[in-house]
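Just so you know, these numbers come straight off a predicted model, no measurement behind them. Letters A, B, ... mirror the listed sequences (proteins, then strands); counts begin at 1.
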Amino acid sequence: MLQLNAIRENKEAFINALKKRNLRADAIIENVLQLDENRKATQTQLDNTLADANKLSKEIGDLFKSGKAKEANDLKEKTATLKEVSKQLTDDLNSISTELQNALYLIPNIPHESVVVGKSEEENEEVFKEGTIPTLFEGALPHWELAKKYDIIDFELGVKIAGAGFPVYKGKGAKLQRALINYFLDKNTEAGYTEVQVPHLVNEASGYGTGQLPDKEGQMYYMPEDDLYLIPTAEVPVTNIFRDVILNEKEFPITYTAYTPCFRREAGSYGAHVRGLNRLHQFDKVEIVRVEHPDKSYQALNGMVEHVKDILRELKLPYRILRLCGGDLGFTSALTFDFEVFSTAQDRWLEISSVSNFETYQANRLKLRYKDENGKSQLAHTLNGSALALPRVLAGILENYQTEDGITIPEVLVPYCGFDIIN
RNA sequence: GGAGAAAUGGCAGAGUGGUCGAAUGCGGCAGUCUUGAAAACUGUUGAGGGUCACACCUCCGGGGGUUCGAAUCCCUCUUUCUCCGCCA
């Protein structure tokens with residue numbers, strides 16, 4: 001959520017920045033500012049009315065104490081109007097505030113200056129590329145065929161138990177998955193991230209805190225009986241650890257990592273690009289989350305990018321990094337780098353990590369603040385990234401590491417797997 | 001799931017209708033003392049709205065009510081604890 005004060009002072013800058021998202025925000029911004037004016041005016045009226053009422057109450061109390069019951073009762077009558085007025089003003093204030101809040105929820109974050117205009121993912125900028133794309137033998141297969149051939153992932157069985165998009169991992173497939181989780185967690189904790197295990201279901205307030213609500217509820221599984229949402233990413237529970245928190249400046253940087261399954265409804269997805277592991281309703285991911293001082297957040301973002309690079313180098317997977325254009329940038333993000341692994345057998349790039357700085361956007365919703373050197377509360381910056389998402393990394397490994405004798409295991413994973421080939 | 005008790009500032013813990021945004025202790029911060037630190041002493045220390053700054057307003061788990069006036073009384077929800085039941 002954007003900060004009203006900032007909007008008020010830099011209206012034009014906000015409108016211009018939002019153009020990168022192909023959003024014409026003039027009217028929305030104008031409306032928000034107007035609502036805020038109304039809110040303030042109503043608040044002032046209400047405050048004055050309450051001040052009058054408080055004064056009268058005090059007088060009445062004093063009169064009763066000094067035995068002047070008659071004067072007191074006379075005054076009581078005067079409070080009746082004040083009560084009515086304040087009731088009305090309170091109602092007005094509530095409805096204006098709600099309207100303002102809802103309007104603010106609908107404005108996405110301001111893109112960072114380095115973000116380019118663009119309509120869709122086609123216009124994302126490739127900023128880095130590394131690794132060798134392997135030349136595969138004749139008859140190399142996409143991962144869903146490999147999964148069947150070596151009996152390591154059973155998609156049909158998942159359909160029987162739950163539905164499409166809920167695969168069953170078997171044998172060495174399951175073990176490789178577990179190896180990846182442990183490897184990622186180890187890499188992250190070695191880099192200083194503290195491992196946490198968090199709930200996989202969250203309440204509504206948490207959904208609002210990180211920005212999944214109100215506009216993306218269709219993407220989350222919801223349990224009406226208990227009013228809980230299955231997490232679409234560990235970002236939600238982990239970042240919400242810091243909802244309503246005021247940090248001491250000395251506590252920066254805060255760095256957490258968490259492994260969780262992720263649940264996504266993926267309503268509207270279809271076609272060849274969602275085959276196999278490419279798009280699932282349930283998948284595993286290891287996430288890194290940081291809470292940073294505003295002056296340090298971009299440095300931290302770079303650090304996260306370097307960290308993910310390091311992991312992909314160790315896995316020896318060919319990858320590239322994209323800086324998302326305005327049209328593809330997530331609602332709450334100011335700057336996002338996507339990592340994509342090249343899948344040779346599918347001849348396409350697969351997104352396996354997304355690293356973002358949200359600046360104060362989430363912090364404002366979360367009320368995540370810190371005390372600056374003057375003792376004033378300031379909003380912190382939040383960041384997160386996948387390190388890494390499992391299924392497509394798995395797909396990349398299966399496809400790029402296949403040989404005619406089987407699928408070899410990346411060297412760094414062998415100690416975690418306990419085997420070096422799937423055949 | 002059933003019965004009972006409770007929810008107050010960073011923490012502990014007073015406060016049962018007006019003088020309470022809230023005693024006291026701990027913690028935090030600043031200072032005195034000290035070569036430095038500790039101890040001791042002194043001061044200071046919740047959040048939000050509003051204002052140029054004051055004033056002023058709101059917040060004692062959430063919501064609603066009674067009253068001129070609510071941390072304090074009533075209703076309701078949530079959470080926590082104890083006991084019972086069930087259970088990985």
Side-chain angles (χ1 to χ4, degrees), chain A residues 1-9 32-104 197-209 213 223-229 237 240-252 254 261 291 360 362-380:
Chain A
M1 194 161 58
L2 299 176
Q3 293 168 267
L4 268 171
N5 287 335
I7 299 179
R8 211 179 294 130
E9 282 158 29
V32 161
L33 290 178
Q34 187 58 53
L35 282 168
D36 190 42
E37 287 305 313
N38 288 348
R39 195 209 95 239
K40 272 201 224 173
T42 312
Q43 177 90 62
T44 305
Q45 280 186 60
L46 175 61
D47 285 357
N48 291 337
T49 311
L50 288 174
D52 290 347
N54 287 344
K55 216 174 289 170
L56 274 179
S57 292
K58 208 158 261 177
E59 282 175 35
I60 291 169
D62 291 343
L63 286 171
F64 271 125
K65 255 183 266 173
S66 48
K68 297 176 184 160
K70 184 162 182 321
E71 285 94 327
N73 283 316
D74 289 346
L75 271 187
K76 270 196 197 180
E77 282 165 33
K78 287 175 71 179
T79 62
T81 5
L82 286 179
K83 268 183 119 176
E84 257 171 62
V85 173
S86 70
K87 178 103 177 73
Q88 182 59 48
L89 286 170
T90 305
D91 290 349
D92 291 352
L93 182 63
N94 285 342
S95 71
I96 294 169
S97 302
T98 308
E99 205 181 329
L100 175 60
Q101 190 68 227
N102 289 341
L104 276 174
Q197 293 195 4
V198 291
H200 299 167
L201 281 78
V202 294
N203 57 28
E204 193 179 44
S206 294
Y208 274 92
L213 295 175
M223 327 280 284
E225 292 248 305
D226 299 294
D227 202 17
L228 293 169
Y229 296 85
N240 270 282
I241 290 173
F242 298 97
R243 176 149 45 83
D244 292 319
V245 166
I246 300 179
L247 296 163
N248 189 313
E249 221 172 346
K250 291 174 203 151
E251 294 176 69
F252 291 126
I254 288 169
V291 180
T360 59
Q362 290 182 329
N364 195 26
R365 289 192 177 192
L366 293 161
K367 296 200 181 65
L368 163 53
R369 293 159 292 180
Y370 68 93
K371 291 274 187 203
D372 67 16
E373 64 271 19
N374 302 316
K376 284 195 69 180
S377 294
Q378 305 286 352
L379 292 172

> Pick one: which of A:D91, A:T90, A:D92 meets side chain to side chain donor-acceptor pair (under 3.5 Å) with A:Q88?
Replying inline: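 So the option named by the test is A:D92.
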Quantified in whole Å, what is the [atom1] atom distance between nucleotide [N] and nucleotide [M]?
| N | M | atom1 | value |
| --- | --- | --- | --- |
| B:U35 | B:U45 | P | 31 Å |
| B:A30 | B:U80 | C1' | 37 Å |
| B:G18 | B:C75 | C1' | 24 Å |
| B:C74 | B:A22 | C1' | 23 Å |

Taking a pair as Watson-Crick or G-U wobble with both distances under 3.5 Å, which nucleotide is matched to [N]?
| N | value |
| --- | --- |
| B:C26 | B:G10 |
| B:C33 | none |
| B:C81 | B:G4 |
| B:C60 | none |
| B:A53 | none |
| B:A70 | none |
| B:G17 | none |

> For residues A:S97 and A:N94, is any side-chain donor paired with an opposing acceptor at under 3.5 Å?
Replying inline: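 Judged by distance alone, the side chains do not pair up.
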> Within the pair A:T79 and B:G69, is there a side-chain N or O less than 4.0 Å away from OP1 or OP2?
Replying inline: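 Answer no for this pair, as no side-chain N or O of A:T79 is under 4.0 Å from OP1 or OP2.
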> Under 4.0 Å: is that the gap between some side-chain N or O of A:R369 and OP1 or OP2 of B:A47?
Replying inline: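 It does not, given that no N or O in the side chain of A:R369 lies less than 4.0 Å from OP1 or OP2 of B:A47.
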> Under a 4.0 Å heavy-atom cut-off, which of residues 84-103 of chain A touch RNA chain B?
Replying inline: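 Going residue by residue through residues 84-103 of chain A, none turns out to have a heavy atom under 4.0 Å of RNA chain B.
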> Near RNA chain B, under 4.0 Å by heavy atom, which residues of residues 32-40 of chain A?
Replying inline: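 Within residues 32-40 of chain A, the residues near RNA chain B are A:R39, A:K40.
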Rounded to the nearest Å, what distance is computed from the [atom1] atom of residue [X] to the [atom2] atom of nucleotide [N]?
| X | N | atom1 | atom2 | result |
| --- | --- | --- | --- | --- |
| A:K371 | B:A47 | NZ | C1' | 8 Å |
| A:D227 | B:C77 | CG | P | 16 Å |
| A:Q378 | B:A47 | CD | P | 13 Å |
| A:N5 | B:G48 | CG | P | 12 Å |

Enumerate the protein-to-nucleotides 54-63 of chain B contacts in which both atoms are nitrogen or oxygen and the separation is below 3.5 Å.
residue, atom, partner, partner atom, Å
B:C57, OP1, A:N54, ND2, 3.0
B:C57, O2', A:D47, OD1, 2.9

> Among B:A47, B:C29, B:C68, which nucleotide sits nearest the side chain of A:K250?
Replying inline: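 Looking only at heavy atoms from C-beta outward on A:K250, the closest nucleotide is B:C29.
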